[in-house]
Protein chains: 4
Amino acid sequence: MQIEPLPRQRRKEARPAEIIEAALLLFHQKGYSATKLDDIARFAGVTKGTVYLYFSSKEALFKAAILETIQPNLDRIEEAVMSSQASATQRLKTAMSSWASSMNECKGSITKLMIAEAGNFPELSDFYIETVVKRSRKLLIHLIQAGIDSGEFRPIDADMLARTIFSPILLTSIWRHTYAKLDPITYSLNQLSDFHLDIIFNGIALSEQS
Amino acid sequence: MQIEPLPRQRRKEARPAEIIEAALLLFHQKGYSATKLDDIARFAGVTKGTVYLYFSSKEALFKAAILETIQPNLDRIEEAVMSSQASATQRLKTAMSSWASSMNECKGSITKLMIAEAGNFPELSDFYIETVVKRSRKLLIHLIQAGIDSGEFRPIDADMLARTIFSPILLTSIWRHTYAKLDPITYSLNQLSDFHLDIIFNGIALSEQS
Amino acid sequence: MQIEPLPRQRRKEARPAEIIEAALLLFHQKGYSATKLDDIARFAGVTKGTVYLYFSSKEALFKAAILETIQPNLDRIEEAVMSSQASATQRLKTAMSSWASSMNECKGSITKLMIAEAGNFPELSDFYIETVVKRSRKLLIHLIQAGIDSGEFRPIDADMLARTIFSPILLTSIWRHTYAKLDPITYSLNQLSDFHLDIIFNGIALSEQS
Amino acid sequence: MQIEPLPRQRRKEARPAEIIEAALLLFHQKGYSATKLDDIARFAGVTKGTVYLYFSSKEALFKAAILETIQPNLDRIEEAVMSSQASATQRLKTAMSSWASSMNECKGSITKLMIAEAGNFPELSDFYIETVVKRSRKLLIHLIQAGIDSGEFRPIDADMLARTIFSPILLTSIWRHTYAKLDPITYSLNQLSDFHLDIIFNGIALSEQS
DNA sequence: CATGAATGAGGTTTCATTCAT
DNA sequence: GATGAATGAAACCTCATTCAT
């Protein structure tokens, strides 16, 4: 039985995006090294050769996939927050809600990919830390400090709190994409964010703890 | 006739442990796939053949490394907590402190490794989730529920809180082992744990937030 | 409605020749295998597809390039010599000078290409040896024998001398196109030919050598 | 029918030399690019992996093959000549005879390989030209000049003569390894060398030619 | 005619695994 | 037990060739 080869599709416009999407999904599922270019190609509905038409190497594809995914979020990060004139508390809620939403939409978790492959892509990690992580944290620290200055929050280490506030959302995003079946999570990142912020603002103790 | 030197004899006992230590370190740094058996062997001071003397395959070595590292912590998890008769608040602090300490000591982060390789080692992930993650969380939920029942804490979703309480420690442990140079963290996991618990108990708001 | 520009129309006629020229140059520089059709096309100012419009395969292009280059020289080879009624000495000088000139003009060295690729193109080599090499040598042998018969030259192995006379011109042609930068040659093939013939006729010894 | 794998041979000492010999032969026959590593390995009686045990890449193997073959001849080049106290004529004969012999023994022709691949291995070509070609020519020029100075030879361009004297031997060596079947050569390089030197010393003309 | 996106066979290279010593 | 040379399957990548436009 002879296999009829598929008619050649010609869709130059869409190709790179399709390949990147397939690559991201597989890198995320199996890790960079364990993902074969053949799989990426098949998943994207093309052949290996086509992948190399748009990306010069597997490494270049990985970097492009990460950067393409990060880029559209970069600008969105600050807008919802810096412009607002509301209270620090309110702006903190808005910012976290915005982040939670954008992470919810994403099919994979860039955070997870970057953590897993940091050792193998040092320059990319550097870019990620400087451009995404530190920039986001700086924003959060700014809001926290504003709240302290305005008397909304008690004096507290803003850097540590910023990292702390982020952690549940980041880790849950990773977790959900990693252990979806084995340890399902029933709430959304937005719910989690609201939940955590409420506790951070008000605490859980019914009487003061030392 | 030459007498077999003692040091070599002595090392024999330690071989498997040395290999596992080398493997863990490299798996952690570069990921499972990207780590070569040659590197592990060289790092452990033996040859590739010797690795196969103790572990039947790379996969078996990975599993052994994970399990060997988890095992000693498994028992320690419950002891410090379940036995105590103190308040829920106090026992929560003790438990978190104990976890933070054990994570601080560890050279790598099993959590990170498991996240990165979950897709490639489903049975191992299953074991890890059931035996380590869920068991630990169950304990935490138990303490939280005890606090709610005793009137120490206001009524709250115990599962969500358990995940939330854990997140900063887990993510920071991962972070520290991943971005040590690029984004150094100045405090210890114990300090972080104390910091977060204080906020969770007491909140940061100076007046009630909605 | 746009009128088809003339320059483009005009080039059409020249396309195959332009492609052959590009191909010869690159085959010569990098060898047959190492030369990519993409490079040939780019060098000829067309696309890969166009090359296949005129040549059915890379191999066909190689053969065509060799044959097209050889052909015009084939006829020229004999004319200047056979017709002449001059002395063998003189006709030898004329023949060598004619060859040297035709090799000087050529951008590459067919000789080099044929040597390098003989193993991969046996039929082409066969054609080249029979049609070019042996035919030329036969001519040379004829002239040498005429000189011996006429008493101009002492009796000598005509075949060996024919090969010997040719060698410096051929090798220098190859050399010049191969090591132009690393080992530049300051004289022309015609000068070399005159130089060598003078020595062959008269020797360099001031007294008879055994 | 199951193919019984050959028992593994262990001959570390001989391996590199065997691989180089196979590589040289095939590079020579088909050119560098057209030679597959699989072929080299099979020809050397090993598998591809073994080749990479000793040479880090195909390119490295090529360079090693060239250098290993050149090296032993390098020293031999000068010894037979520089030490002698004989006449320039005699020393010239000795030198050429020595070169002809060493080229006769060699299975392939490094000269041919270097010519064919010069464009793709510029540094190697540089080394070859400087270390082998120019050094040999310098020696020849030295001998010619000595003959002129001593009144054995008439004044003549020594560089051009040096290149001329070499040409027949070099080109015939190439020719013999390239067109062995199609255009067989019946005499040895030593015979050719003697023949050419006799002509160069004494000429072929029975009376003085202008 | 001309294009260039797409193909896929085939090349180079890597590396987990084996096994004679 | 321990070694490390040898293996070969499988990965990444190239490029001659095709074909829809």
Side-chain angles (χ1 to χ4, degrees), chain A residues 5-15 33-41 45-61, chain B residues 4 8-9 11-12 15 33-42 45-61, chain C residues 4 8-9 11-12 15 33-42 45-61, chain D residues 5-15 33-41 45-61:
Chain A
L6 287 179
R8 297 190 179 191
Q9 317 252 343
R10 310 196 66 215
R11 331 203 275 128
K12 185 174 195 278
E13 321 295 277
R15 284 286 183 248
S33 291
T35 299
K36 293 170 249 177
L37 253 150
D38 250 329
D39 295 340
I40 296 175
V46 296
T47 56
K48 254 182 311 185
T50 305
V51 175
Y52 280 90
L53 218 55
Y54 297 102
F55 305 95
S56 62
S57 68
K58 190 186 178 185
E59 198 171 321
L61 171 56
Chain B
E4 185 81 314
R8 197 170 189 206
Q9 198 63 27
R11 273 191 68 209
K12 267 190 197 172
R15 281 279 156 83
S33 290
T35 298
K36 295 174 237 172
L37 249 120
D38 252 326
D39 296 338
I40 296 175
R42 196 175 321 122
V46 296
T47 58
K48 250 188 309 187
T50 305
V51 175
Y52 278 86
L53 226 51
Y54 296 103
F55 305 94
S56 64
S57 69
K58 191 185 178 186
E59 201 172 319
L61 171 56
Chain C
E4 184 83 312
R8 199 175 188 204
Q9 197 63 27
R11 273 190 69 210
K12 267 189 195 174
R15 282 278 156 83
S33 291
T35 298
K36 296 173 234 174
L37 249 117
D38 252 327
D39 295 338
I40 297 175
R42 198 177 317 123
V46 296
T47 58
K48 249 187 311 186
T50 306
V51 175
Y52 278 86
L53 227 52
Y54 296 103
F55 305 95
S56 64
S57 69
K58 190 186 179 187
E59 201 171 319
L61 171 56
Chain D
L6 288 178
R8 299 189 177 191
Q9 316 253 342
R10 310 197 65 217
R11 329 201 280 127
K12 184 172 196 275
E13 319 296 276
R15 284 286 183 247
S33 292
T35 299
K36 294 170 249 175
L37 253 147
D38 248 331
D39 296 339
I40 297 175
V46 297
T47 57
K48 259 181 308 188
T50 305
V51 176
Y52 280 89
L53 217 56
Y54 297 102
F55 305 95
S56 62
S57 69
K58 190 186 178 187
E59 198 170 320
L61 172 55

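Chain letters run A, B, ... following the sequence lines, proteins first, then strands; residues in each count from 1.
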Going by side chain to side chain contact (heavy atoms under 4.5 Å, CB included), name the residues that satisfy it together with A:Thr50, two or more places apart in sequence or in a different chain.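 Partners of A:Thr50 under the side chain to side chain contact (heavy atoms under 4.5 Å, CB included) test: A:Arg15, A:Val46, A:Thr47, A:Tyr54.
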
Hey, is the side chain of A:Arg15 poking within less than 4.0 Å of OP1 or OP2 on E:dA6, counting only N and O atoms?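 It does, given that an N or O in the side chain of A:Arg15 lies less than 4.0 Å from OP1 or OP2 of E:dA6.
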
N or O in side chain of A:Tyr54 less than 4.0 angstrom from E:dA6 OP1/OP2: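 Yes, within the criterion.
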
Could you check which of [options] has an atom nearest any side-chain atom of [X]?
| X | options | result |
| --- | --- | --- |
| C:Thr50 | E:dA16, E:dT3, F:dA6 | E:dT3 |
| A:Lys36 | E:dT7, F:dA2, F:dC12 | F:dC12 |
| A:Lys58 | E:dG8, F:dA5, F:dC13 | F:dC13 |

When you match D:Val51 and C:Ser33 each to their closest nucleotide on DNA chain F, which lands nearer the 5' end?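 Taking each residue's closest nucleotide, the earlier one in sequence belongs to D:Val51.
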
Calculate the interatomic distance between [X] atom [atom1] and [N] atom [atom2]; express it in whole Å.
| X | N | atom1 | atom2 | answer |
| --- | --- | --- | --- | --- |
| B:Phe55 | E:dT17 | CZ | C1' | 16 Å |
| A:Glu59 | E:dT14 | CD | P | 14 Å |
| D:Tyr52 | F:dA9 | OH | C1' | 15 Å |

Please determine whether any donor N or O and acceptor N or O are separated by less than 3.5 Å between the side chain of B:Lys48 and the base of E:dT17.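 Indeed, a donor on one side and an acceptor on the other fall under 3.5 Å apart.
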
Heavy-atom nearest nucleotide on DNA chain E for A:Gly49 versus D:Thr35: which residue maps closer to 5'?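 Nearest-nucleotide comparison on DNA chain E picks A:Gly49.
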
Of C:Leu53 and B:Asp38, whose nearest nucleotide on DNA chain E comes first from the 5' end?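 Per heavy-atom nearest nucleotide, the more 5' residue is C:Leu53.
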
Mind checking if A:Leu37 touches a base, just sugar-phosphate, or nothing, with heavy atoms under 4.0 Å?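 Sugar-phosphate, backbone atoms only, no base.
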
Taking every non-hydrogen atom, the tightest pair across C:Asp38 and C:Lys48: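 So the minimum-distance heavy-atom pair works out to OD1-CE, 3.3 Å.
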
For D:Lys58 against D:Ser33, the heavy-atom pair lying closest together: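 Here D:Lys58 and D:Ser33 meet closest at NZ-O, 3.5 Å.
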
Symbol by symbol from the 5' end, with Watson-Crick or G-U pairs under 3.5 Å, [ ] crossing and | another strand, DNA chain F is .||||||||||||||||||||

Rounded at 0.5 Å granularity, tell me how far CG in A:Asp39 sits from NZ in A:Lys36.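 Between A:Asp39 CG and A:Lys36 NZ, I get 5.0 Å after rounding to 0.5 Å.
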
